[in-house]
Amino acid sequence: MAYEANGSDRRTELVDVIRRVRNRWRLKLALRGVVIVVAGTLLALLLSASSLEALRFSPTAIISFRVIALLVFAGLVYIGFFAPLRRRVTDTQVALYLEEQDPTLETAILSAIEGSHHVANATHPDHGPSPHLVSKLVDQAIDKCRALEGGLMVERANLRRQLLTLAGISVAAGLLLTFGPAFLRSGMSALLMVSRSAEAASPYRIQVTPGTTTIPRGADQSVRATLSGFTAGEATLMVRTEPGGQFERVPLVAGAEPAVFDGMLFHVEKTAEYFVTANGVESPTFRIEVVDLPTVDRLVLEYRFPQYTGLEPRTVDPGGDIATVKGTEVRLQITATMATPGGRVLLNENESLPLTKNADGTFAGSFTVSAQGFYKIEFDGPNGEKVNASPKYVIDVLSDIAPSVRFNKPGRDTQASPVEEVFAEVRADDDFGVKSLQLFYSVNGGTEKTVTLFGGARALPEVTATHTLYLEEMGLSAGDFVSYYAKAADNDAVAGAKTTTSDIYFVQ
């Protein structure tokens, strides 16, 4: 009985060895599966990220590659884990596997396993191998297995190699994502962060103003596109007015700010769909709803210049952009396309002036030009809403140029005797009017004397005046010199008079 108990313990120890070897084999398969899944998934994600860059991260591409990446991951998990690990492995197969790993075992494990099975399954003691022989085989197998640390040495090198491979793949992927192109990081983020929508996951965006909007029929509509996350040399506005029709291309113009493009849709009569495309990136599609609302049908401007200019009022029909000097009063006469209860003029988005409705249904308003900017007209809609009735018109303040002044005669340095007379002719002109013209002269750099050549009550755009210098009255002698120059002032009563001085000349 003691012998049988001891034999049973030895067979149990042998079974434990077989179980450990089986577990080591399964661990090897699991680690290999991890390497396959990680390497294959990373490769699929990197290729998908590169493809997303080529497709400019369109929402359709992001969704498609998310699905592809998920299918690749699921397929690799099945190939790397479930298919290998679901196999049933018998003790005999484990013994063969163990002896393949260490040929020095010389079928000792296999013989012991087969002998133990025959003894355990024998129906009569005289049948099958001798229990003493089987016990000897088991003892021999156990001794050899102890040399293999109970099966723990099996696949040790292979397991270490799999772990190193997994670490190498992880490090290489980390370095590539850290120091590689930015689109790889953006692509991985777009693919893995599935909680974000495809539109939000894209690093490339085109922000379009005004987006979806409602405008009056026949009005002009400005469109601004701002590129985010990328740059482009040009941008195109795609527009269609028929459902299911072809989009027409409208080039946009680069704005003053980087990555900003502007355009205008003129006289929009039908509801339209539009989007902006640049460098392969497309914005969402927006809609312009066209409704019957009042707009400006006719705009007449009347310029009333500052009094100092001496200019008569001027009418501009049709009106639009304004270019005039500071201080000009601009009067507007506006005809609407349909009846409307009221309106206003918007100046630079922060100031508004009400329009007065005339008996004939037209509107009148006025403002004084004081700075650069823009203006536009708004009317009241049928439901009391404010309607953009005109595009933005530019207000350009023209500078009142300083006058010019010069000597026509003599116009150069001269020599004269102490008893001669020097005749000087001075010409001054200004864009709106010369207010004063003076001559200054001095003897030998002494105190200057002033002669007023012009200073009339009414400014003139051009003045020519003369003066004679009588050298004899100055008590000059040989070697003395007389210096002279002229100064003109304009009539700018808004910013202040501007003066100009001529070149200085000498009479020796």
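Below, each value reflects all heavy atoms present in this structure, side chains not excepted, and no hydrogens, waters or symmetry copies.
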Peer 1: Are E302 and R304 within salt-bridge range, i.e. N to O under 4.0 Å?
Peer 2: yes

Peer 1: Please confirm whether K449 makes a cation-pi placement over Y441, using NZ or CZ under 6.0 Å from the six-membered ring centre and within 45° of the ring normal.
Peer 2: no

Peer 1: Looking at side-chain heavy atoms only, is the closest gap between P306 and V325 below 4.5 Å?
Peer 2: yes

Peer 1: Please walk me through it: do T335 and D297 pass side-chain hydrogen bond (donor to acceptor under 3.5 Å, both in side chains)?
Peer 2: CA-CA 5 Å; T335 303; D297 183 49; 6.0 Å; no

Peer 1: Can you confirm whether D503 sits close enough to Y485 that some side-chain heavy atom of one is under 4.5 Å from a side-chain heavy atom of the other?
Peer 2: no

Peer 1: Would you check if L299 and V296 make a side-chain contact, meaning some heavy-atom pair closer than 4.5 Å?
Peer 2: yes

Peer 1: Side chains of N408 and V426: closer than 4.5 Å at any heavy-atom pair?
Peer 2: no

Peer 1: Only one of L332, V345, L355 clears side chain to side chain contact (heavy atoms under 4.5 Å, CB included) with F363; which?
Peer 2: L355

Peer 1: Go through the steps to decide whether R249 and M238 satisfy the test side-chain contact (heavy atoms from CB on, under 4.5 Å), and finish with yes or no.
Peer 2: CA-CA 5 Å; R249 302 172 63 89; M238 307 296 291; 3.6 Å; yes

Peer 1: Do R287 and E289 sit within salt-bridge range, that is, some charged N less than 4.0 Å from a carboxylate O?
Peer 2: yes

Peer 1: If the test is side chain to side chain contact (heavy atoms under 4.5 Å, CB included), which one of T324, V369, V330 qualifies with I395?
Peer 2: V369

Peer 1: Does I334 reach the side chain of F379, with side-chain heavy atoms less than 4.5 Å apart?
Peer 2: yes

Peer 1: Which distance, rounded to the nearest 0.5 Å, do you find between the CG of N358 and the CD of Q333?
Peer 2: 5.5 Å

Peer 1: Grab the two heavy atoms, one from V72 and one from G40, that are nearest each other, plus how far apart they are.
Peer 2: CG1-O, 4.3 Å

Peer 1: What heavy-atom pair brings P216 and T295 nearest, and what distance separates the two atoms?
Peer 2: CB-CG2, 3.0 Å

Peer 1: Would you say R240's side chain and G245's backbone share a donor-acceptor pair under 3.5 angstrom?
Peer 2: yes

Peer 1: Would you mind reporting whether D262 and R224 have side-chain heavy atoms less than 4.5 Å apart?
Peer 2: yes

Peer 1: Decide if atom CD of E234 counts as having more than 12 heavy atoms of other residues, nucleotides or ligands within a radius under 6.0 Å.
Peer 2: no

Peer 1: Can you tell me if CD on E248 sees more than 12 non-hydrogen neighbours from other groups inside 6.0 Å?
Peer 2: no

Peer 1: Drop me the distance from L237's CG to L265's CG, to the nearest 0.5 angstrom.
Peer 2: 5.0 Å

Peer 1: Closest approach of D220 and H267, non-hydrogen atoms and distance?
Peer 2: OD1-N, 2.6 Å

Peer 1: Kindly indicate whether the side chain of V394, heavy atoms from C-beta on, has any atom under 4.5 Å from the side chain of I322.
Peer 2: no

Peer 1: Nearest 0.5 Å please: distance from the CG atom of L353 over to the CG atom of L347.
Peer 2: 5.0 Å

Peer 1: Could you pull out the closest heavy-atom pair between D429 and R406, with the gap in Å?
Peer 2: OD2-NH1, 3.9 Å

Peer 1: More than 12 non-hydrogen atoms from neighbouring residues, nucleotides or ligands closer than 6.0 Å to CZ on R298, yes or no?
Peer 2: no

Peer 1: Assess whether a salt bridge exists between E329 and R331, defined as any Lys/Arg side-chain N lying under 4.0 Å from an Asp/Glu carboxylate O.
Peer 2: yes

Peer 1: Take atom CD of Q246 as the centre, draw a 6.0 Å sphere, and report whether it contains more than 12 heavy atoms from other residues, nucleotides or ligands.
Peer 2: no

Peer 1: Yes or no on side-chain contact (heavy atoms from CB on, under 4.5 Å) for V208 and F275, after CA distance, side-chain angles and deciding distance?
Peer 2: CA-CA 8 Å; V208 180; F275 66 92; over 6 Å; no

Peer 1: S502 side chain to A486 main-chain N or O, any donor-acceptor pair under 3.5 Å?
Peer 2: yes

Peer 1: Which atom pair, heavy atoms only, marks the closest approach of I169 to A39?
Peer 2: CD1-CB, 3.6 Å

Peer 1: Would you say S442 and S483 are linked by a side-chain donor-acceptor pair, where the criterion is simply a distance under 3.5 Å?
Peer 2: yes

Peer 1: If you round to the nearest 0.5 Å, how far is CG of L453 from CZ of R427?
Peer 2: 14.5 Å

Peer 1: Under 3.5 Å, side chain of S283 to main-chain N/O of V276, donor-acceptor pair present?
Peer 2: yes

Peer 1: What orientation do Y393 and Y375 show, parallel under 30°, tilted 30 to 60°, or perpendicular over 60°?
Peer 2: tilted

Peer 1: Among side-chain atoms of Y274 and Q221, is any donor-acceptor pair under 3.5 angstrom?
Peer 2: no

Peer 1: So T214 and V291, side-chain contact (heavy atoms from CB on, under 4.5 Å) or not? Walk me through it.
Peer 2: CA-CA 7 Å; T214 301; V291 295; 3.7 Å; yes

Peer 1: Rounded to the nearest 0.5 Å, how far does CG of N388 lie from CD1 of I215?
Peer 2: 9.5 Å

Peer 1: Considering all heavy atoms of both residues, which atom of V397 and which atom of A371 are nearest to each other, and what is their separation?
Peer 2: CG2-C, 3.4 Å

Peer 1: Could you state the interatomic distance from CZ (R66) to OG (S48), rounded to the nearest 0.5 Å?
Peer 2: 12.0 Å

Peer 1: Carefully, step by step, assess V507 and Y505 under the rule side-chain contact (heavy atoms from CB on, under 4.5 Å).
Peer 2: CA-CA 7 Å; V507 178; Y505 296 99; over 6 Å; no

Peer 1: May I ask you to check whether Y484 and F407 place their ring centers less than 6.0 Å from one another?
Peer 2: yes

Peer 1: Are any of the side-chain heavy atoms of I68 and L70 separated by less than 4.5 Å?
Peer 2: no

Peer 1: Taking 4.0 angstrom as the limit, do D490 and K435 come out as a salt bridge?
Peer 2: no

Peer 1: In terms of side-chain heavy atoms, does T315 have a donor or acceptor partner in D317 at a distance below 3.5 Å?
Peer 2: no

Peer 1: Tell me whether the NZ or CZ atom of K409 lies within the 45° cone about the ring axis of F423 and under 6.0 Å from its centre.
Peer 2: no

Peer 1: Side chains of D413 and Q508: is there a donor and an acceptor less than 3.5 Å apart?
Peer 2: no

Peer 1: Check the side chains of T340 and D380 for a donor-acceptor pair under 3.5 angstrom, ignoring hydrogens and angles.
Peer 2: no

Peer 1: Should the heavy atoms of other residues, nucleotides or ligands under 6.0 Å from NZ of K386 be counted, would the total exceed 12?
Peer 2: yes

